[in-house]
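Owing to the predicted nature of the structure, the values given are computational and were not obtained by experimental measurement. Just so we're on the same page: letters track the sequence lines, and every chain starts at 1.
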2 protein chains.
Amino acid sequence: MTRPRGRPARGQGVTRDAILDAALGLLDEDGDAGLTMRALAARLGVTPMSLYHHVTDRAGLLRALSDRLYGGVLQGIDEAGGPVEGIRMVLTRYYDAVITHPQLTLAIFAEPAAFAGASREITDRLTALLAALTPAYLLWRDILVDHAHGSGLALIAARGDAARVDALRAAYRQALDCLLGQFGES
Amino acid sequence: MTRPRGRPARGQGVTRDAILDAALGLLDEDGDAGLTMRALAARLGVTPMSLYHHVTDRAGLLRALSDRLYGGVLQGIDEAGGPVEGIRMVLTRYYDAVITHPQLTLAIFAEPAAFAGASREITDRLTALLAALTPAYLLWRDILVDHAHGSGLALIAARGDAARVDALRAAYRQALDCLLGQFGES
DNA sequence: ACCTGAACACCGTTCAAGT
DNA sequence: ACCTGAACACCGTTCAAGT
């Protein structure tokens, strides 16, 4: 069970990706309180301190998780359908990312520095798309992002209930239609 | 600095209200991580264990804070203006409660059991009001409540900036108008 | 470069002992 | 009834020591 003291053989050590996977698992199971550096190390069969060779901090760990989850949201977004349709695509994929790991999103809210990376690109893209529609584009960017957050966090209470998740997802799309209706039909 | 060992003189001990006030202060200043039973006791000039005579738990403490904050939301709501206006009043006051202590709301999300009390009454009232408007009243109750949560939590990032708080408050009302517009003008 | 072990300054909570 | 002190099982993180 316990490893030898020195540098492990090539391929025997923990990888950063393995750490992130295990951390996300703990977060999904028990939320922010369940993700401890010590529990994470135990799950990987390693000493807590060895994690610090791959991750700066617990905060850095959350930041890395956030970057990995939200990093793919903007990929494959095409704007051929016009700005309203582009906004709808970005928000729907962002919402889907949030509800995949709502506990991570909640943890990130408590660690505002973790928001800086990937989610910044998403809000920038939304800002640009909205700027083509209304002079109050900053206001509407906030409304739409906040609504996605609130709807996504509600999934924490729906843990595991697939039917309820589907209903909430449908509700989100309906609310989005209402909010985007202001800017004309697409 | 240190108190004697036995039962304190009448009026010398800590009160439950003093505990709640101090806890809310710690939460506002440093968020969930800042609210520790030990820091709370230190602020009150008391041993950590003495808190457990007034509060069952850290979770019970959060629940009591949530009850106190949200307990007043429904008071003085009149339904003379019809259901749409009633819904608007309830949500506006709920949102105002959330943004008064956004860190508390965030902490409660991580402790779902704390939601049970006062916030249940609020959602029940909204459910009843919405039932008069649409068969999809459960769907719309979720949309409206989630939107209030997401908008309220965004205030965490606006810490202290009064102008930004006002702008976000105005944005919330605008979004609410849009969402409630479906159910007819009031 | 990457791991371990011991250590430091924290947590929440229980339990027995005081008055 | 209400407080203390000691104790237990946890935290995150640093630092020196290993290979």
Side-chain angles (χ1 to χ4, degrees), chain A residues 1-20 22-23 26-27 29-65 103-104 107-108 110-111 113-114, chain B residues 1-20 22-24 26-27 29-65 103-104 107-108 110-114:
Chain A
M1 212 88 233
T2 52
R3 285 152 169 278
R5 204 165 210 254
R7 179 180 189 179
R10 182 172 180 74
Q12 287 291 84
V14 217
T15 59
R16 188 180 158 88
D17 254 12
I19 290 174
L20 295 184
L26 286 172
L27 214 39
E29 290 162 28
D30 299 318
D32 190 66
L35 175 56
T36 66
M37 299 301 273
R38 292 176 119 107
L40 179 55
R43 174 161 295 197
L44 292 164
V46 116
T47 320
M49 313 68 180
S50 80
L51 302 175
Y52 289 87
H53 292 279
H54 302 94
V55 153
T56 66
D57 241 356
R58 191 178 186 278
L61 178 62
L62 286 174
R63 203 187 125 89
L65 286 172
Q103 293 279 8
L104 172 58
I108 288 169
E111 200 82 50
Chain B
M1 212 86 231
T2 52
R3 286 152 167 278
R5 203 164 210 256
R7 179 180 190 179
R10 182 173 180 73
Q12 288 291 83
V14 216
T15 60
R16 187 180 159 88
D17 254 12
I19 290 173
L20 295 184
L24 201 51
L26 285 172
L27 215 38
E29 290 163 26
D30 300 317
D32 190 68
L35 175 56
T36 66
M37 300 301 273
R38 294 177 119 106
L40 179 55
R43 174 162 294 196
L44 293 164
V46 116
T47 320
M49 313 71 181
S50 80
L51 301 175
Y52 289 86
H53 292 279
H54 302 94
V55 153
T56 65
D57 241 358
R58 191 180 185 276
L61 178 62
L62 286 174
R63 205 187 123 89
L65 286 172
Q103 293 279 6
L104 172 58
I108 288 169
E111 200 81 51

Margin query: Under 3.5 Å for both pairing distances: what stems, at least three Watson-Crick or G-U pairs long, include DNA chain C?
Written below: C:4-8 with D:12-16, C:12-16 with D:4-8
Next item on the list: Would you indicate which nucleotide in C:dT4, C:dG12, D:dT4 comes nearest to any side-chain atom of A:T47?
Entry: C:dT4
Item checked: Main-chain N/O of A:P48 paired to A:R38 side chain as donor or acceptor, under 3.5 Å -> no
Check: What integer distance in Å separates B:L40:CG from C:dT13:P?
Finding: 12 Å
Checklist line | Test item: A:T47 side-chain N/O and A:S50 main-chain N/O as donor-acceptor pair under 3.5 Å | finding: no
Note to self: Just the rounded figure in Å: distance from P of C:dG12 to CG of B:L26.
What the structure shows: 11 Å
Notebook entry, point to check: Within the pair A:H54 and C:dA1, is there a side-chain N or O less than 4.0 Å away from OP1 or OP2?
Noted result: no
Next item on the list: Could you state the atom-to-atom distance from CG of B:L35 to C1' of C:dG12 in whole Å?
Entry: 12 Å
Checklist line | Spacing of B:H53 atom NE2 relative to D:dC2 atom C1', expressed in whole Å | finding: 5 Å
Checklist line | OG1 on B:T15 to CG on B:L20, rounded to 0.5 Å | finding: 8.5 Å
Check: Mapping B:L51 and A:D57 to their closest nucleotides on DNA chain D, which lands nearer the 5' end?
Finding: B:L51
Margin query: Test your reading of the model: is there a side-chain donor-acceptor pair from B:H54 to the backbone of B:I19, 3.5 Å cut-off?
Written below: no
Notebook entry, point to check: So do the side chains of A:Q103 and A:D32 get within less than 4.5 Å of each other, counting heavy atoms only?
Noted result: no
Notebook entry, point to check: Within the structure, does a side-chain N or O atom of B:T36 lie under 4.0 Å from either OP1 or OP2 of C:dC11?
Noted result: yes
Next item on the list: Nearest whole angstrom, please: distance from the P of C:dC2 to the CD1 of A:I19.
Entry: 11 Å
Check: Out of D:dG12, C:dT13, D:dT4, which has the shortest distance to the side chain of B:V46?
Finding: D:dT4
Note to self: Expressed as a whole number of angstroms, how long is the span from B:R38:CZ to D:dA6:C1'?
What the structure shows: 11 Å
Note to self: Once you apply a heavy-atom cut-off of 4.0 Å, does A:M49 come out as touching a base, just sugar-phosphate, or nothing?
What the structure shows: base
Notebook entry, point to check: Expressed in angstrom and rounded to an integer, what is the separation of B:Y52 atom OH from C:dA16 atom C1'?
Noted result: 17 Å
Next item on the list: Return the value, rounded to whole Å, for the distance between atom CE of A:M37 and atom C1' of C:dC11.
Entry: 16 Å
Checklist line | B:R63 side, atom CZ; B:D57 side, atom CG - distance, nearest 0.5 Å | finding: 12.0 Å
Note to self: Please report the interatomic distance CG(B:L40) to CG(B:L61), rounded to the nearest 0.5 Å.
What the structure shows: 6.5 Å
